[in-house]
**Q** 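Quick one: the structure is below, questions incoming.
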Protein chains: 2
Amino acid sequence: MPNRISDKTVARLSIYSRLLGGFRQQGKETIHSHDLALVAGVTPAQVRRDLMSVGGMGSPSKGYDVTELSESIEAFFGSQQRVNVALIGLGNIGRAILAYFHGRRPHLAIVAAFDIDSHRVDCVHNGCRCYPMHALGEIIEQQKISVGIIAVPVSAAQEVADTLVAHGIEGIMNFAPVPLRVPPNVYLEQVDITTSLETVAYFARQHTQEERR
Amino acid sequence: MPNRISDKTVARLSIYSRLLGGFRQQGKETIHSHDLALVAGVTPAQVRRDLMSVGGMGSPSKGYDVTELSESIEAFFGSQQRVNVALIGLGNIGRAILAYFHGRRPHLAIVAAFDIDSHRVDCVHNGCRCYPMHALGEIIEQQKISVGIIAVPVSAAQEVADTLVAHGIEGIMNFAPVPLRVPPNVYLEQVDITTSLETVAYFARQHTQEERR
DNA sequence: ATACTATTGTGAAATGATTCACAGCGTTAT
DNA sequence: ATAACGCTGTGAATCATTTCACAATAGTAT
């Protein structure tokens, strides 16, 4: 492998991509690393470093061509080939996620939802059919789903993860506030809202106390 | 300042705290760094390093006293003093967050919600009163709110953040998929679900391609 | 044409986070 | 009592990420 790209860089590229989409719509043709850095909340050097990963094609004094760069990053994310996503758990968080992604990213579609509650099963929420939990493995393989979003209670999260892994999932985004065990060949992203809020509260208090010093 | 603690460490301490709570309930009295590391999904060395921040009080061959350690971490997070939190935006994500935190963390309470939609205003969701948006500044100061959760659409996010900052907020957790500009004395946590999912999809695909090599 | 300016791309340095490795020390076994 | 074991706490080393700083270069002005 030539040079692996860090997850931090990938996350920032996603942000640049979204911002560039906005600039494109408002007719901006070129942009400097400085300007992109300003709206992205990072340093110009970081922008340039990140853009090297997608083969940065900027010109001095003009900067980067917005359309060209936007398309380069989309190509980097492989937007020509669709990634199918499953959402497991249709509670409050699950429904919020479903509503959130509905029709937003064409190449990143939630194609199936799952829940144990029979009231939710077989309904269509935001254009997405809800299947019973026991169909999980079968549907993953049928629909060639490679990414799973876990939005079930803590007590069920590891079991769901195991099922996903057993049926060949490649990446998991976990909203349940519990660290999951998955094999190293599966990419895992923990989105732990409780922990995040606790971290914010901690540093908020720190700042207050520093001011008092 | 003696030694600043990194946000990564703080986040992990929050996870340890939660896990220790579980161990405490099931009557476990002592625990080794190795065991805590296993369930937290990190290395034993990392656990010990993190616990140094709260004045690690482990004994060789017995390990750490579960109750004592649990209380040390809670004290570290300042659980004796309550942090008041405001939630701005009661759409899908806002309601999910509200339901999620309801009665879960006593020292970290969402005490007020805000929305522009008059249908939502003045209702009580999950024990939390919803105020109209124009009351935001006033209520923050009245209720001594120091942390804000932004769950409004992208178009309103920066304006809300500015209002929060203007009224003395110390920390912000932002769910709107746009980088916010806040002064350096305000701690900002971006929770960008789209970006996270895109990152998962990217690495999931990477793994698939590596296997093919 | 030539000089000047501002910006990119990128080695190199700095900073930050994690892991290693081992001294020191309770605990247990003999 | 003594030895042996295994774990903690931590300095040092490693690894990862960010920032610095500047050569190369395209555009612009003279």
Side-chain angles (χ1 to χ4, degrees), chain A residues 1-16 20 23 28-66 68-69 72-73 76 179 184 187 190 195 199 203, chain B residues 1-16 20 23 28-66 68-70 72-73 76 179 184 187 190 195 199 203 206:
Chain A
M1 203 172 321
N3 43 351
R4 237 192 87 248
I5 295 171
S6 81
D7 52 357
K8 305 259 183 79
T9 294
V10 172
R12 282 191 300 266
L13 284 171
S14 167
I15 290 169
Y16 302 154
L20 286 167
F23 285 126
K28 200 161 169 54
E29 286 183 7
T30 62
I31 191 166
H32 292 300
S33 63
H34 174 82
D35 303 321
L36 194 49
L38 196 68
V39 292
V42 296
T43 64
Q46 180 118 75
V47 170
R48 297 201 298 275
R49 187 61 77 185
D50 289 336
L51 294 186
M52 279 174 61
S53 310
V54 296
M57 285 291 149
S59 117
S61 15
K62 271 199 320 188
Y64 299 87
D65 183 294
V66 170
E68 185 186 324
L69 185 55
S72 292
I73 300 179
F76 169 83
Y187 185 86
Q190 288 281 351
T195 285
T199 305
F203 284 106
Chain B
M1 200 174 322
N3 44 350
R4 237 192 87 248
I5 295 171
S6 81
D7 51 358
K8 305 260 183 79
T9 294
V10 173
R12 281 191 300 266
L13 284 172
S14 167
I15 291 169
Y16 302 153
L20 286 167
F23 285 126
K28 199 160 170 54
E29 286 181 9
T30 62
I31 191 165
H32 292 297
S33 62
H34 175 82
D35 303 320
L36 193 49
L38 196 69
V39 293
V42 298
T43 63
Q46 179 116 76
V47 169
R48 296 201 299 276
R49 187 59 79 186
D50 290 337
L51 293 186
M52 278 174 63
S53 311
V54 296
M57 286 290 149
S59 115
S61 24
K62 272 199 319 186
Y64 299 87
D65 182 292
V66 170
E68 186 186 324
L69 185 55
S70 179
S72 292
I73 299 180
F76 170 83
Y187 185 86
Q190 288 282 350
T195 286
T199 304
F203 285 105
Q206 286 301 102

**Q** Verify the contact: side-chain N or O of Gln46(A) to OP1 or OP2 of dT19(D), cut-off strictly under 4.0 Å; return yes or no.
**A**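 For Gln46(A), the contact criterion (side-chain N or O under 4.0 Å from OP1 or OP2 of dT19(D)) is met.
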**Q** Rounded to the nearest 0.5 Å, what separation is found between the CD1 atom of Ile5(A) and the CZ atom of Phe76(A)?
**A**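 With rounding to 0.5 Å, CD1 (Ile5(A)) is 4.0 Å from CZ (Phe76(A)).
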**Q** Enter the distance from Gln190(A):CD to Ile15(B):CD1 here, rounded to the nearest 0.5 Å.
**A**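 Reported value, rounded in 0.5 Å steps: 7.0 Å.
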**Q** Quick one: Arg12(B) CZ to dG16(C) P, roughly how many Å, whole number?
**A**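 In whole Å, dG16(C) P and Arg12(B) CZ are 16 Å from each other.
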**Q** What is the distance from CG of Leu69(A) to C1' of dG9(C), rounded to the nearest Å?
**A**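 Taking atom C1' of dG9(C) as the reference, CG of Leu69(A) is at 14 Å.
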**Q** Ignoring the backbone of Ser6(B), work out which of dT17(D), dC20(D), dA17(C) is nearest its side chain.
**A**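 Nearest listed nucleotide: dA17(C).
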**Q** Find the distance Asp50(B):CG to dT10(D):C1' and express it as a whole number of Å.
**A**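 Going from Asp50(B) (CG) to dT10(D) (C1'), I get 14 Å.
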**Q** If you measure from OG on Ser33(B) to OH on Tyr16(B), what distance do you get to the nearest 0.5 Å?
**A**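 Going from the OG atom of Ser33(B) to the OH atom of Tyr16(B) covers 9.5 Å.
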**Q** Nearest whole angstrom, please: distance from the P of dA12(D) to the CE of Met52(B).
**A**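 Nearest whole value for this atom pair: 13 Å.
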**Q** Quick one: are Ile73(B) and Leu51(B) in side-chain contact, heavy atoms under 4.5 Å?
**A**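 Yes; the side chains approach each other to less than 4.5 Å.
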**Q** Between Gly55(A) and Ala45(B), which residue's closest nucleotide on DNA chain C lies nearer the 5′ terminus?
**A**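 Closest to the 5' end, via its nearest nucleotide, is Gly55(A).
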**Q** Mark yes or no for a side-chain to base donor-acceptor pair under 3.5 Å between Arg49(A) and dG11(C), with no hydrogen or angle criteria applied.
**A**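 Such a pair exists between side chain and base.
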**Q** Can a side chain N or O of Arg4(A) be found less than 4.0 Å away from OP1 or OP2 on dC15(D)?
**A**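 Checking dC15(D) against Arg4(A), no side-chain N or O comes under 4.0 Å of OP1 or OP2.
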**Q** Evaluate side-chain contact (heavy atoms from CB on, under 4.5 Å) for Arg49(A) paired with Met52(A), printing each intermediate quantity in order.
**A** CA-CA 5 Å; Arg49(A) 187 61 77 185; Met52(A) 279 174 61; 4.0 Å; yes
**Q** Could you check which residues of residues 30-43 of chain B get a heavy atom under 4.0 Å from DNA chain D? Sort them by number, please.
**A**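 Contacts with DNA chain D under 4.0 Å: His32(B), Ser33(B).
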**Q** In Å and rounded to the nearest 0.5 Å, what is the OH to CG distance from Tyr187(B) to Asp7(B)?
**A**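 The OH atom of Tyr187(B) sits 4.0 Å away from the CG atom of Asp7(B).
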**Q** Please check if the number of heavy atoms outside Glu29(A) that lie under 6.0 Å from its CD is greater than 12.
**A**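 Not more than 12 within 6.0 Å, no.
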**Q** Supply the atom-to-atom distance Thr199(A) OG1 to Lys8(B) NZ, rounded to the nearest 0.5 angstrom.
**A**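 The OG1 atom of Thr199(A) sits 12.0 Å away from the NZ atom of Lys8(B).
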**Q** Check this one for me: any side-chain N or O of Tyr64(A) less than 4.0 Å away from OP1 or OP2 of dA26(D)?
**A**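 No, because none of the side-chain N or O atoms of Tyr64(A) sits under 4.0 Å from OP1 or OP2 of dA26(D).
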**Q** Any chance you could measure Leu69(B), atom CG, to Ile31(B), atom CD1, to the nearest 0.5 Å?
**A**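 Output value for this atom pair is 8.5 Å.
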**Q** Check nucleotides 22-30 of chain C for protein N or O atoms closer than 3.5 Å to its own N or O atoms and list the pairs.
**A**
residue: dT27(C); atom: O4'; partner: Ser61(B); partner atom: OG; Å: 3.3

